[in-house]
Amino acid sequence: MEATAAKTTVQTAPPQKRPWISPTNRRRLANFRANKRGYWSFWLFMVLFVLSLFAEFIANDRPIVASYKGEILYPVLVDYPEEKFGGFLATTDYRSDYIQQEIETNGWMVWPPIRYSYQTVNSNIPHSAPTEPFWLMEKADRCAAYPQKDQDPNCILGNLNWLGTDDQARDVTARMIYGFRISVLFGLVLTVCSAVIGVTAGAVQGYFGGWTDLLMQRFIEIWSSMPVLYILLIIASILPPGFFVLLGILLLFSWVGFVGVVRAEFLRARNFEYVRAARALGVGNWTIMSRHLLPNAMVATLTFLPFILSGSIATLTSLDFLGFGLPAGSPSLGEMISQGKNNLQAPWLGFTAFFTMSLMLSLLIFIGEAVRDAFDPRKTFG
């Protein structure tokens with residue numbers, strides 16, 4: 001009877017739940033949090049990036065939502081023809097005094113905090129562009145171009161230029177927000193695509209070795225010895241400017257940086273005992289590479305990613321500064337720096353781009369240092 005009871009007790013014991021995070025990853029996360037500068041830089045960068053993803057709801061020349069004759073409209077999402085409000089244009093200009101009066105008479109509008117998009121021209125600037133930030137001017141001066149001067153109902157905070165205007169009377173704050181978003185998105189896409197190509201090439205080289213490694217390594221040495229900047233400038237001057245065109249041009253060379261790191265990891269680990277055992281059991285090469293070797297190689301790759309991301313953003317800014325980047329009129333920090341160089345009498349242009357770039361790249365470097373500490377097995381924090 002006692003043996004039966006003991007057997008029943010063993011059978012009814014609840015199974016152990018596998019922790020959702022391994023002890024190794026728990027240690028890495030603790031190391032990442034222990035680096036306070038990198039940890040808070042990560043959260044600050046994420047907040048800024050997420051806010052920039054909703055730039056249309058922060059800085060736009062269209063209302064977020066409007067009510068017109070009992071109908072709820074979403075101008076920020078839908079292009080309504082002007083004939084809907086009694087006009088005749090194909091696209092509604094919501095900054096027009098006629099359209100604003102028509103909608104306010106028959107409903108209401110909710111505007112973003114900044115009533116300018118990155119390409120909106122302010123026709124009510126007090127003097128020729130570029131104009132200084134509104135807080136550097138007297139109220140009578142900042143509203144001088146409005147019909148009713150400082151008593152005009154449109155002379156409000158949302159219509160004022162918080163960081164001034166550029167040499168085409170476009171709002172600097174709006175262009176900074178949109179430029180931050182496009183820079184980070186460009187850097188992220190380029191970094192991810194470069195990592196996929198570079199990790200794949202490095203894994204093939206390191207795992208198979210022999211002639212495969214020899215031929216690919218010689219090709220990479222020749223490819224990386226070419227003058228990258230001059231080639232980028234030549235190709236960018238021939239092809240029409242565009243986000244994906246520029247992405248493809250930079251992708252030609254950016255993947256090389258990942259190859260050496262991944263190749264070294266695969267060369268080191270391909271003769272380990274667990275890899276030999278997997279081969280003896282008949283496991284395929286691609287399964288061994290993806291399930292057994294790649295996780296170890298990704299430690300060094302993930303440490304490398306934030307620095308590649310910051311380099312990608314700096315490269316885009318440099319090309320925009322030289323005039324070989326995004327199409328004319330696109331929100332670009334490099335183009336803003338170029339305007340600051342050409343308009344030394346308007347220091348707010350250069351300062352805005354400089355501080356935005358400095359903040360962005362500094363946060364990425366601090367995050368990279370924290371990630372490096374997190375994946376360093378010798379790094380411990382008290």
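When the side chains of ILVMFWY residues are joined at heavy-atom separations under 4.5 Å, either directly or via intervening members, Leu302 and Leu364 end up in a single hydrophobic cluster. Hydrophobic clustering (side-chain heavy atoms under 4.5 Å, transitive across Ile, Leu, Val, Met, Phe, Trp, Tyr) keeps Phe366 apart from Leu48. Hydrophobic clustering places Val199 together with Trp286 (ILVMFWY residues linked when any side-chain heavy atoms are closer than 4.5 Å, directly or through intermediates).
Closest approach of Pro112 and Phe57 over heavy atoms only: CB-O, 3.6 Å. Across all non-hydrogen atoms, the minimal contact from Pro147 to Asp152 is CD-OD2, 3.3 Å. Of all heavy-atom pairs spanning Ser194 and Leu251, the tightest one is OG-CD1, 3.4 Å. The heavy-atom pair separating Pro240 from Val245 by the smallest distance is O-CG1, 3.5 Å. Nearest heavy-atom pair, Ile367 versus Gly38, reported as atom, atom and distance to 0.1 Å: CG1-O, 4.0 Å. The two residues Ile64 and Val76 make their nearest non-hydrogen contact at O-CG1, 3.5 Å.
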Problem - Worked verdict on Asn342 versus Asp167 for side chain to side chain donor-acceptor pair (under 3.5 Å) - result: CA-CA 9 Å; Asn342 297 328; Asp167 56 9; 5.9 Å; no

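Relative ring orientation between Phe219 and Trp223 is described as parallel, the plane-to-plane angle staying below 30° on a 0-90° scale split at 30° and 60°.
Side chains of Ile103 and Tyr94 form a contact here, defined as non-hydrogen atoms less than 4.5 Å apart. Proximity of Leu309 to Val184: side-chain heavy atoms (C-beta onward) are nowhere separated by under 4.5 Å. Looking at Pro130 and Gln345, their side chains come closer than 4.5 Å, going by heavy atoms from C-beta outward. Considering only heavy atoms from C-beta on, Met357 comes within 4.5 Å of Leu361 through its side chain.
Under the ring pair (Phe, Tyr, Trp, His ring centres under 6.0 Å) criterion, the residue pairs touching residues 106-129 are Tyr118-Tyr178, with sequence neighbours excluded.
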Side-chain donor-acceptor pairs under 3.5 Å in residues 315-326, sequence neighbours left out?
| from | atom 1 | to | atom 2 | distance (Å) |
| --- | --- | --- | --- | --- |
| Thr315 | OG1 | Gly311 | O | 2.8 |
| Thr317 | OG1 | Ile313 | O | 2.9 |
| Ser318 | OG | Ala314 | O | 2.8 |
| Asp320 | OD1 | Leu326 | N | 2.7 |
| Asp320 | OD2 | Ser332 | OG | 2.7 |

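In terms of modelled atom types and a separation under 3.5 Å, the side chain of Asn159 and the main chain of Cys155 share no donor-acceptor contact. Formation of a donor-acceptor pair under 3.5 Å by the Trp162 side chain with backbone atoms of Leu157 is found in this model.
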